[in-house]
J.: 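Sharing a structure below in structure tokens format, with a few things to ask.
Side-chain atoms are counted along with the backbone in the values below, which use heavy atoms only and exclude waters and symmetry mates. Keep in mind it's a predicted model, so treat the numbers as computed, not measured. Letters A, B, ... mirror the listed sequences (proteins, then strands); counts begin at 1.
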Amino acid sequence: MDRIRKVFEHALAAHLPGQDIVIERPKNGSLGDLTFPCFHAAKASGNSPAQVATELASQLNLALAIEGVKLIAAGPYLNLKLQPEARAGEVLGGLLSGKPYGAHEKNGQKVIVEYSSPNIAKLFTIGHLRSTMIGHNLVQVHRFLGYDVVRLNHLGDWGTQFGTLLAAYKAWAETSNPDLTHDFDWAAEIPEKRRTPLFRLFQLYVRFHDEEKENPDMREDARRWFRELEQGSVEARRLWKWFRDISLTEFQRIYDRLGVSFDTLEQGEAFYEPMLGAVLQRLSDHGLLKEGEGGAKIVDLSDVGIETPMVVQKGDGASIYASRDLAQVTYRKEAYLFDRCIYVIGGEQILHMKQIFACMEKLDPWFKGRLTHTPFGLVRLPEGKMSTRKGNVIFLEDVLDEAAERVAAIIQEKNPDLANQSAVAEMLGMGAVIFFNAMNDRIKPITFEWDRVIALDGDTGPYVQYAHARICSVLRKAGGAWPAMATPGLHDSRETAMVPFPPCDTPSDLKGLDAPEAQNLLFELAGLPSAVRVAREQLMATSIARQLLAIARSFSGFYTNCPILAADNAPEVREARLALCVATARALRQGLFLIGIEAPEEM
RNA sequence: GCACCCAUAGCUCAGGUGGACAGAGCAGCGGCCUUCUAAGCCGCAGGUCGUUGGUUCGAGUCCAACUGGGUGCACCA
């Protein structure tokens, strides 16, 4: 369809010199495949939009000269409409060729995506799902569209919070539970699967904050430990590394379930610690470093409209996250020479990111336009904000477990003979959770409710996965080479974002796809590439998720109204419909893959 | 107090650069398993797009004010 779009665009440009040609996709496939709204052209010519549309239709129909394509003036719109068989040929050709549908050639641009970035010694909550999956979606979409992508996880493995952990460990665990392998008194009611060293570390952290309220002096203890850490105390460093290892082991388990990975985990906050001196020196050299209240070092950004000064060093001389972020941006330019660096970080840090970006642009104009903060809305509970410290949180792993368990129960009920039940349950459970995240505008806050996040029918991941499984079932029954046509070969798809399918001939006779349900499905399939482009522009996968729903929904219509394997089907009808099934399965699998979801062949 | 974000059907949400009658799902009601998986399909019902102005040939979409909710505002990240 991109080919036709280009021809259409050139023809319009030739007739409307000097005008911006904006070709859109009609909301409804029955109107046409592409449309040119004539409002602007009408303004330029002084005629009414409807008149312009009519004139263009008569003039361009000859010029286009593509078989099966008609231009129809519909009021102020000039609609390009393919005849059913031409539409089928066009869409199937694109999906069956074996080239990734809608993918772009390498464009030589390098994009860094920073995402997930959990804090060490805390458990993943449902909130972490947002950054992790939005980032992963951006990684996949950018790769698909030809960018080189660097995947970074800015681990929160430094800072005062580490002082807190060290102080708490020293106070309550070092003598009684030095290796964090057995329960504390106050943890007796914790479920078995939770009794990990990381959870015990987390409990120490929570306890510290509880007791700190009674004893404000403890705060000083934590600060002192962080200073020790920064000054290279062997003891503090040893514990730091151990806490970090404990955390990464558990994070990895979650990343594996979500299908997310990174190019390195070595560039967390601590990584930049040795560079902090140079950063402060540079700020000072540029005359940006000022003395703030209580001996703190600050950068004043009021001249660029940011009234809150940025603290880059604390009054006690210890570092702070702002300086680590400045070091991080500086380092990334040197190490990667990126075209764009995207930060998937919650909306509550908008001010902080603005400060960092503004400061870096002052230091080096090279950064102008290259730094992007991609904020997202908080996950809240119906009763209010989640707080790790207060303990009213939803742990991500509980959500993932619950999702898989609910699916398993449904499999027991609906398809008890299914093979690989636990694997399929996992695939669908993750599909539900991940799709829910992708489906909604990232900027809007989410109120967490179990039944919505892990819903399994309606507009959900499993609905899309179900459409895919049904297609595979039909292809299996068709036999021959059909099932293989919808099955990707061996591939390390995580590194490419492309799902490789074998090339497949488009049947020569496509009359079997004349039915409106088949045509509607073709129209939705044609919409996938632009949905991927929109996803990149908007920096979220919402458009892809919605398009997959539209494809799955129209497939269901096709499936119920157009028998594929019926005995009385003419061979060419059967052939054409099977080809459409293959094309749909490929589009669904590729699209789901961009969102980070796997497509089951049976469920 | 100041700044930023959000407000669309009973509920949860879609509505790329303003444009064809505002679309889904859930919940509700009514149909459909002797044909390829009913995690599905079809139908009904449900909306003065928070309010009031403004820009425009045209506003859910842009601007202003207001209302309600969220977030942030120097030594946490």
J.: Could you work out the separation of B/C32 and B/U51 based on their C1' atoms and round it to a whole Å?
T.: 45 Å
J.: Between B/C73 and B/G15, how far apart are the C1' atoms? Round to whole Å, please.
T.: 33 Å
J.: Kindly say whether, by distance alone, the side chain of A/Glu293 makes a donor-acceptor pair under 3.5 Å with the base of B/A74?
T.: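 Such a pair is found, so the answer is yes.
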J.: Can you give the donor-acceptor pairs under 3.5 Å from side chains of residues 423-443 of chain A to other protein atoms, not counting sequence neighbours?
T.:
unit_1, atom_1, unit_2, atom_2, d
A/Glu426, OE1, A/Arg257, NH2, 3.1
A/Glu426, OE2, A/Arg257, NE, 2.9
A/Asn437, OD1, A/Arg130, NH1, 2.9
A/Asn440, ND2, A/Phe436, O, 3.3
A/Asp441, OD1, A/Ile443, N, 3.0
A/Arg442, NE, A/Leu539, O, 2.8
A/Arg442, NH1, A/Pro375, O, 2.8
A/Arg442, NH2, A/Gln538, O, 3.0

J.: Can you name the nearest heavy-atom pair linking A/Gln267 to A/His154, along with the distance?
T.: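 It is O-ND1, 3.7 Å.
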J.: Go through the N and O atoms of the side chain of A/Asn79 and the base of B/A20, and report whether any donor-acceptor pair is under 3.5 Å.
T.: yes
J.: When you compare the side chains of A/Gln355 and A/His352, does any donor N or O come within less than 3.5 Å of an acceptor on the partner?
T.: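 Absent: no donor and acceptor within the cut-off.
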J.: Could you state the CZ-P distance from A/Arg470 to B/A39, rounded to the nearest angstrom?
T.: 8 Å
J.: Count the heavy atoms belonging to other residues, nucleotides or ligands that lie under 6.0 Å from NE2 of A/His40, then report whether that count exceeds 12.
T.: no
J.: Give A/Gly159 one of three labels, base, sugar-phosphate or nothing, depending on what nucleic acid heavy atoms sit under 4.0 Å from its own.
T.: sugar-phosphate
J.: Quick check on B/C75: is either OP1 or OP2 less than 4.0 Å from any side-chain nitrogen or oxygen of A/Arg223?
T.: no
J.: What interatomic distance, in whole Å, is found between P of B/A20 and the corresponding atom of B/A3?
T.: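 Straight-line distance between the two P atoms is 35 Å.
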J.: Ignoring hydrogens and geometry beyond distance, is the side chain of A/Tyr321 in donor-acceptor contact with the base of B/A77 at under 3.5 Å?
T.: yes
J.: Taking atom C1' of B/A14 as reference, at what distance in whole Å does atom CZ of A/Phe435 sit?
T.: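 Checked: the CZ to C1' distance equals 11 Å.
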J.: Does A/Leu289 reach the side chain of A/Gln313, with side-chain heavy atoms less than 4.5 Å apart?
T.: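 A/Leu289 does not reach A/Gln313 side chain to side chain.
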J.: Could you work out which one of B/C4, B/G15, B/U37 sits closest to the side chain of A/Gln538?
T.: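 Looking only at side-chain atoms, A/Gln538 lies closest to B/G15.
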J.: Compute whether any side-chain donor of one residue and acceptor of the other, for A/Lys314 and A/Thr160, lie under 3.5 angstrom apart.
T.: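 A/Thr160 and A/Lys314 do have a side-chain donor-acceptor pair below 3.5 Å.
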J.: Write down the distance between CD (A/Glu449) and C1' (B/C11), rounded to a whole number of angstrom.
T.: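 In whole Å, B/C11 C1' and A/Glu449 CD are 9 Å from each other.
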J.: Please report the distance separating the C1' of B/G50 from the corresponding atom of B/G69, rounded so that it comes out in whole Å.
T.: 11 Å
J.: With the side chain of A/Tyr466 defined as its heavy atoms from C-beta on, choose the nearest nucleotide among B/A14, B/G16, B/U37.
T.: B/U37
J.: Checking understanding here: a glycosidic angle within 90° of 0 is syn, the rest anti, so what is B/C49?
T.: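 B/C49: anti.
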J.: Shortest non-hydrogen contact from A/Leu204 to A/Ala168?
T.: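 Closest approach of A/Leu204 to A/Ala168: O-CB, 3.7 Å.
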J.: Closest approach to the side chain of A/Arg324, judged atom by atom: which nucleotide of B/A77, B/U37, B/C21 is it?
T.: B/A77
J.: Could you tell me whether A/Ala467 contacts a base, only the sugar-phosphate backbone, or nothing, with contacts defined as non-hydrogen atoms closer than 4.0 Å?
T.: nothing
J.: Just the rounded figure in Å: distance from P of B/A39 to CD1 of A/Ile597.
T.: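 It works out to 19 Å between those atoms.
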J.: How is A/Thr35 classified with respect to the nucleic acid when contacts are heavy atoms under 4.0 Å: base, sugar-phosphate, or nothing?
T.: base
J.: Would you measure the distance from the P atom in B/C63 across to the matching atom in B/A7 and give it in whole Å?
T.: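 Nearest-Å result for B/C63 against B/A7 at atom P: 13 Å.
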J.: Please compare A/Val534 and A/Ala318 by the position of their nearest nucleotide in RNA chain B and report the one closer to 5'.
T.: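 The residue whose closest nucleotide sits nearer the 5' end is A/Val534.
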J.: With stacking defined as ring centroids separated by under 5.5 Å and planes differing by under 30°, is A/Tyr77 stacked against B/A20?
T.: yes
J.: C1' atom, B/C44 versus B/C49: distance in rounded Å?
T.: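 The answer is 23 Å between these two C1' atoms.
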J.: Consider the side chain of A/Asp459, meaning its heavy atoms from C-beta on, and name the nucleotide among B/C75, B/G25, B/A74 that approaches it most closely.
T.: B/G25
J.: Of all the choices, B/C13, B/A38, B/C36, which nucleotide is nearest to the side chain of A/Val474 once you look at every atom?
T.: B/C36
J.: Please give the distance between the C1' atoms of B/U61 and B/U55 as a whole number of Å.
T.: 14 Å
J.: Within the structure shown, what part of the strands sits under 4.0 Å from A/Gly156 by heavy-atom distance: base, sugar-phosphate, or nothing?
T.: nothing
J.: Calculate the interatomic distance between A/Gln349 atom CD and B/C73 atom P; express it in whole Å.
T.: 10 Å
J.: Separation of A/Trp158 atom CH2 from B/C76 atom P, in whole Å?
T.: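 So the two atoms are 16 Å apart, to the nearest Å.
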J.: With centres under 5.5 Å and planes under 30°, do A/Tyr463 and B/A39 count as stacked?
T.: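 No, A/Tyr463 does not stack on the base of B/A39.
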J.: Would you please say whether a donor-acceptor pair under 3.5 Å links the side chains of A/Asp325 and A/Gln328?
T.: yes
J.: Would you indicate what A/Ser473 reaches in the nucleic acid, counting non-hydrogen atoms under 4.0 angstrom: base, sugar-phosphate, or nothing?
T.: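 Result for A/Ser473 = base.
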J.: Whole-Å distance between B/G72 C1' and A/Lys354 NZ?
T.: 10 Å
J.: Rounded to the nearest Å, what distance is computed from the CD1 atom of residue A/Ile320 to the P atom of nucleotide B/A74?
T.: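 After rounding, the reported distance stands at 11 Å.
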J.: Which residue lies toward the 5' end of RNA chain B, A/Lys385 or A/Val22, if each is placed at its nearest nucleotide?
T.: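 Its nearest nucleotide lies further toward 5', so the answer is A/Val22.
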J.: With rounding to whole Å, what would you report as the distance between B/A64 and B/G19 at their C1' atoms?
T.: 24 Å
